J.: 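I have a structure I would like to understand better, so I am pasting it below and will then ask my questions one at a time.
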Amino acid sequence: MLVLLICVHSGAASGQSNEAVWPTTQWQTSTPEEQGMDSAALARVVAFGTTRSFDSLLMTRHGRVVLDAYYAPFTADMPHTINSATKAVVATLTAMAYKDGLLDRLDHPMLDFFADRKVVDADERKKAVTVQHLLNMTSGLEWDEGFEGGREQSMRDMGASPDWVNFILDRPMAHAPGESFYYNSGGSHLLSAIISKLTGKNTADYANERLFGPLGIAPPFWRRDPQRLPIGGFGLAMRPRDMAKLGYLYLRNGEWDGKRLLPADFLGVVGHATINMNARSDPALRYANQFWAIPGKHVYMAVGYHCQIIMVLPEKDIVAVMTARDFCPLGRLADDISGAVKADSALPANPAAAGRLAEVIAEVSTEKATKVGAAPAIAAAISGKTYKFSDNALGIKSLVLFLGDENPRYIVQMAAGDPAQRQLDGPIGLDGLYRKSAPSFLGIRAAKGSWQNEQTFIFDFQYVGLGETSMWTLTFDGDKATLRGKARYGREATAEGTSGG
């Protein structure tokens with residue numbers, strides 16, 4: 001559903017109130033100019049989102065939503081997987097347990113919470129790892145997550161493990177605690193386990209009671225590990241307006257409608273992050289308490305794979321939320337958002353700029369048909385055949401396309417994952433527009449296809465709101481098919497397949 005917040009006024013806009021606005025029930029809305037922002041500048045940010053496969057872009061200033069754009073086929077009512085931005089939620093719950101006295105101190109040794117488990121190689125360095133080290137990703141545990149181009153081997157091995165918590169605890173020590181930063185979702189999952197131990201509740205139940213409930217957020221979907229523990233490093237799905245509430249809690253210094261939910265010392269560390277992330281993509285990035293920061297731009301944020309962002313700009317009194325299917329330049333977005341602020345008080349109404357912003361939002365929310373080539377003779381020959389593929393990084397075991405039917409559809413068999421969810425099937429649009437499946441636990445699948453030439457079919461597939469798009473190129477030659485696409489982090493992958501009838 002398209003949400004247009006652009007109201008054109010003939011006179012000067014009214015100024016905003018200095019009193020904090022609390023969006024527990026719903027967000028108040030405003031024009032950008034009423035909150036001192038330039039609609040034309042925001043229109044350019046919305047347009048830029050199309051170059052990074054944005055699904056949504058939301059912005060609040062002075063506690064009011066001034067921009068709320070949704071890019072087709074994603075819509076406002078859909079939850080979006082926030083990937084590693086989940087870590088910021090788990091950190092928030094850790095801080096709440098600390099404030100409530102359930103956690104006595106942030107430098108409490110990690111292993112104290114797992115005395116009931118046999119931990120491999122529990123040497124003096126591992127015994128020195130604290131909750132704070134886990135929050136800062138400086139535990140020293142050996143881990144490969146591909147942050148700087150590795151194989152993500154630790155994530156693969158953890159996923160195959162019957163007990164994720166023990167798998168993480170058993171990692172050998174690569175460094176002394178506190179010595180160096182290395183991106184580690186395993187440490188975030190240990191925080192989820194610690195929260196459960198401290199509270200005597202499932203992490204999600206504690207979140208619903210102490211965090212989501214007070215903020216007016218309905219219990220979100222949260223993936224679990226084999227022991228049904230909510231995953232600490234990823235797995236939450238939230239609507240953009242609810243993501244913005246989390247950012248607003250931090251923008252308002254951990255207070256919500258007169259109640260303090262977060263301790264001030266925890267917030268101070270987040271707002272003044274100093275741990276060097278050693279990121280080649282942006283040497284300015286710093287880290288603290290599961291949040292990223294660019295101190296020179298006065299911004300900190302929760303960050304998830306493929307630009308799932310909750311960005312807080314305290315000096316501008318702004319929270320910005322982005323969800324996407326591609327990576328995005330964090331520094332540029334921070335600059336563009338800051339640059340849209342022209343005053344702390346209201347600006348005169350600007351009908352032309354407001355109209356342009358409304359036009360751009362309408363454009364991105366409307367699905368446009370892509371080019372579709374004429375179906376070649378081979379389309380009928382391959383229709384209904386099952387093509388089985390060799391082991392591949394795309395994780396596709398087999399594929400069937402029904403292209404000659406009145407209602408074209410597909411069946412994809414994945415090589416791994418929950419056995420009950422390995423088969424994906426649904427309609428496929430052959431007119432340049434997506435066709436959507438029935439809802440599943442991962443969301444709604446959308447698919448369309450087109451012929452590039454006489455032998456090559458392009459299959460465009462995505463879970464709407466999952467933050468990923470798969471573009472598979474299938475080249476057919478008799479009973480053989482070659483599958484090409486991009487695996488995680490944009491790596492090119494190829495698989496050879498044959499028809500089984």
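All values reported here derive from a predicted model rather than from experimental measurement. Numbering starts at 1 and runs along the sequence shown.
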J.: Looking only at the side chains, is there a donor atom on one of Thr203 and Trp222 sitting less than 3.5 Å from an acceptor on the other?
T.: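 The criterion, which ignores hydrogens and geometry beyond distance, is not satisfied for Trp222 and Thr203.
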J.: So, taking the atom named NZ in Lys316 and the one named CE in Met59, what distance separates them when rounded to the nearest 0.5 Å?
T.: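 If I round to the nearest 0.5 Å, the distance is 13.0 Å.
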J.: Is there any disulfide (SG to SG under 2.5 Å) pair reaching into residues 313-352, and which pairs are they, with sequence neighbours excluded?
T.: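 Listed by first then second residue: Cys307-Cys328.
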J.: Indicate whether the side chain of Ser188 and that of Gln290 have a donor and an acceptor atom separated by less than 3.5 Å.
T.: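 Ser188 vs Gln290: donor-acceptor pair found between side chains.
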J.: For the side chain of Lys297 and the backbone of Leu313, is there at least one donor-acceptor N/O pair under 3.5 Å apart?
T.: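 No, the answer is negative, given that no donor and acceptor are paired below the 3.5 Å cut-off.
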J.: Do Val21 and His62 have side-chain heavy atoms sitting under 4.5 Å apart?
T.: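 Sidechains of His62 and Val21: no contact.
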J.: Output all residues satisfying side-chain hydrogen bond (donor to acceptor under 3.5 Å, both in side chains) with Asp225, sequence neighbours left out; order by chain, then residue number.
T.: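 Only His189 meet the side-chain hydrogen bond (donor to acceptor under 3.5 Å, both in side chains) criterion with Asp225.
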J.: Does this structure show an ion pair linking Arg435 with Asp431, if we count only N-O contacts that are shorter than 4.0 Å?
T.: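 Yes, this pair counts.
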J.: Between Phe234 and Tyr305, does the ring centre distance come in under 6.0 Å?
T.: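 Centroid separation for Phe234 and Tyr305: 6.0 Å or greater.
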J.: Please report the interatomic distance CE(Met78) to CG(Leu466), rounded to the nearest 0.5 Å.
T.: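 Here the rounded value is 12.5 Å.
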J.: Could you tell me which non-hydrogen atom of Ala284 sits nearest to which non-hydrogen atom of Pro295, and how far apart they are?
T.: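 Of all heavy-atom pairs spanning Ala284 and Pro295, the closest is O-CD, 3.7 Å.
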J.: Looking at Arg239 and Asp77, is there a salt bridge between them, counting it only when a charged N and a carboxylate O are closer than 4.0 Å?
T.: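 So Asp77 does not pair with Arg239 through a salt bridge.
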